[in-house]
Amino acid sequence: MTPVGAPFFIMEENTLIDLDNLLEQKFGDKARHFPRFVRHYLKRILHIDSLNEIIQKSNGLTGWRFAQFTLQYLNIDIVVEGAENLPEHNNLIFVSNHPLGGPDGLALASFLGNRYNDNIILPVNDFLMFVKPLGPLFLPINKVGAQSRNLPDRINSVMETDSNIILFPAGICSRKIDGEIKDLPWTKMFVRKSVEYGRDIVPIYFFGKNSPRFYFLDRLQKFLGIKFSIPMVFLVDEMFRHRNKQFKFIIGNPISYTIFDRTKTPAQWASHIRNMVYELKRKYSDGDK
């Protein structure tokens, strides 16, 4: 087992989170139509005051160091199995299941950012960019709007460097499917980029689950036919509900990009790697169910 630990890096100034600015950036002119009671509720459910307290108490930490500080602030303990499987070189693609939608990303970024000397990038929905100290870690992506049109170029700009990249190929955090918490089918993009840029894959399985409320909201959204992701609004609250918990992730053996031949389509290879990740769970029966 390897504990997550790190030295400090200081940024001179961090911008605190302002809900009004956040709504304006995300919704434009529509933001002014949000009633006051909705704003109060969003401020509470997004834990704006607590996040600003973390930013202030972090004393200017950024990137994976801020991610680590946030986990420490919430007293979330991370245990890592299989660290000996990590390659020494860069230019890697780390792929993982995504059960939590918050602490899992922070944990992977914290551990791998420390291990690879800050050389870690994590593509995220641009909604998360409002936490400014995490900015050095993030490649903001948005699947709708103008930004979606240059998304391939943004991904390629990272792939053309030696930066290591963490991907959650399901695109969203895990859902309850047939009574089990698991990812939706994985997209094939990471397979194609692995071949195109000669990047080996490092599979990771992360143990964990969100509250029953989260999965109820997911079912409710689907029942009502609402396109906007209601559960996503509650991901910050879910993270704070994980206070004082311990989570574990397992690092598997690296997978050479050369295995991706024509015996399977890219989509089939993506499904195959997803199965390999879930096989890591079965090998460690003492993990959280």
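Bear in mind the structure is a predicted one, so any value in this text is a computation, not a measurement.
For D162 and N91, the side-chain atoms include no donor-acceptor pair closer than 3.5 Å. Using modelled atom types, one finds no donor on one side chain facing an acceptor on the other under 3.5 Å when comparing W64 with N114. No side-chain donor from either of R243 and N75 sits under 3.5 Å from a side-chain acceptor of the other.
Between L122 and L139 the shortest side-chain heavy-atom distance does not fall below 4.5 Å. Counting heavy atoms from C-beta on, the side chains of I78 and K248 never come closer than 4.5 Å. Residues I45 and V236 form no side-chain contact, since every pair of their non-hydrogen atoms from C-beta on lies 4.5 Å or further apart. A heavy-atom distance below 4.5 Å is not found between the side chains of K182 and S174. Taking the side chain as every heavy atom from C-beta outward, L61 and P133 never approach each other to under 4.5 Å.
In this view, T161 and S163 satisfy the side-chain hydrogen bond (donor to acceptor under 3.5 Å, both in side chains) rule, not counting sequence neighbours. When the ring pair (Phe, Tyr, Trp, His ring centres under 6.0 Å) test is applied to F216, no partner is found at least two apart in sequence or on another chain. Under the ring pair (Phe, Tyr, Trp, His ring centres under 6.0 Å) criterion, F234 pairs with no residue at all, not counting sequence neighbours. In terms of the salt bridge (charged side-chain N to carboxylate O under 4.0 Å, His left out) criterion, residue partners of E53 (sequence neighbours excluded) are, by chain and number, K57. With sequence neighbours left out, the salt bridge (charged side-chain N to carboxylate O under 4.0 Å, His left out) criterion links E279 to R282. Scored by the ring pair (Phe, Tyr, Trp, His ring centres under 6.0 Å) test, H47 finds F240 as partners (sequence neighbours excluded). For P35, the side chain to side chain contact (heavy atoms under 4.5 Å, CB included) partners at least two apart in sequence or on another chain are F37, V38. In this structure, N275 has no side-chain hydrogen bond (donor to acceptor under 3.5 Å, both in side chains) partners at least two apart in sequence or on a different chain.
The aromatic rings of H242 and F247 lie perpendicular to each other, with more than 60° between the two planes, well past the 30° mark.
Applying the ring-ring contact (aromatic ring centres under 6.0 Å, His included) test to residues at least two apart or on different chains, the pairs with a partner in residues 159-199 are H98-F168, W186-F190. The stretch residues 32-42 participates, sequence neighbours left out, in these side-chain hydrogen bond (donor to acceptor under 3.5 Å, both in side chains) pairs: D20-R39. Applying the side-chain hydrogen bond (donor to acceptor under 3.5 Å, both in side chains) test to residues at least two apart or on different chains, the pairs with a partner in residues 211-233 are R175-D218, S211-E238, R213-D237, R213-E238, D218-K222.
Summarising the geometry of L235 relative to G101, their closest heavy-atom pair is CD1-O, 3.8 Å, with the distance given to 0.1 Å. Between P203 and L280, the shortest heavy-atom contact is O-CD1, 4.0 Å.
With hydrogens and angles disregarded, a donor-acceptor distance shorter than 3.5 Å links the side chain of D104 to the backbone of L100. Looking at R199, its side chain never comes within 3.5 Å of a backbone N or O of K193 through a donor-acceptor pair. Looking at T187, its side chain does come within 3.5 Å of a backbone N or O of P169 through a donor-acceptor pair. N164 places a side-chain N or O within donor-acceptor distance of the main-chain N or O of L92, the cut-off being under 3.5 Å. For the pair N97 (side chain) and F206 (backbone), a donor-acceptor distance under 3.5 Å is present. Within the 3.5 Å criterion, the main-chain N or O of I17 finds a donor-acceptor partner in the side chain of N52.
The number of heavy-atom neighbours closer than 6.0 Å to CG of D29, taken from other residues, nucleotides and ligands shown, is 12 or below.
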Below 3.5 Å, can you tabulate the donor-acceptor pairs from side chains in residues 250-259 to any protein atom, sequence neighbours excluded?
| from | atom 1 | to | atom 2 | distance (Å) |
| --- | --- | --- | --- | --- |
| S256 | OG | T258 | N | 3.1 |
| S256 | OG | T258 | OG1 | 2.7 |

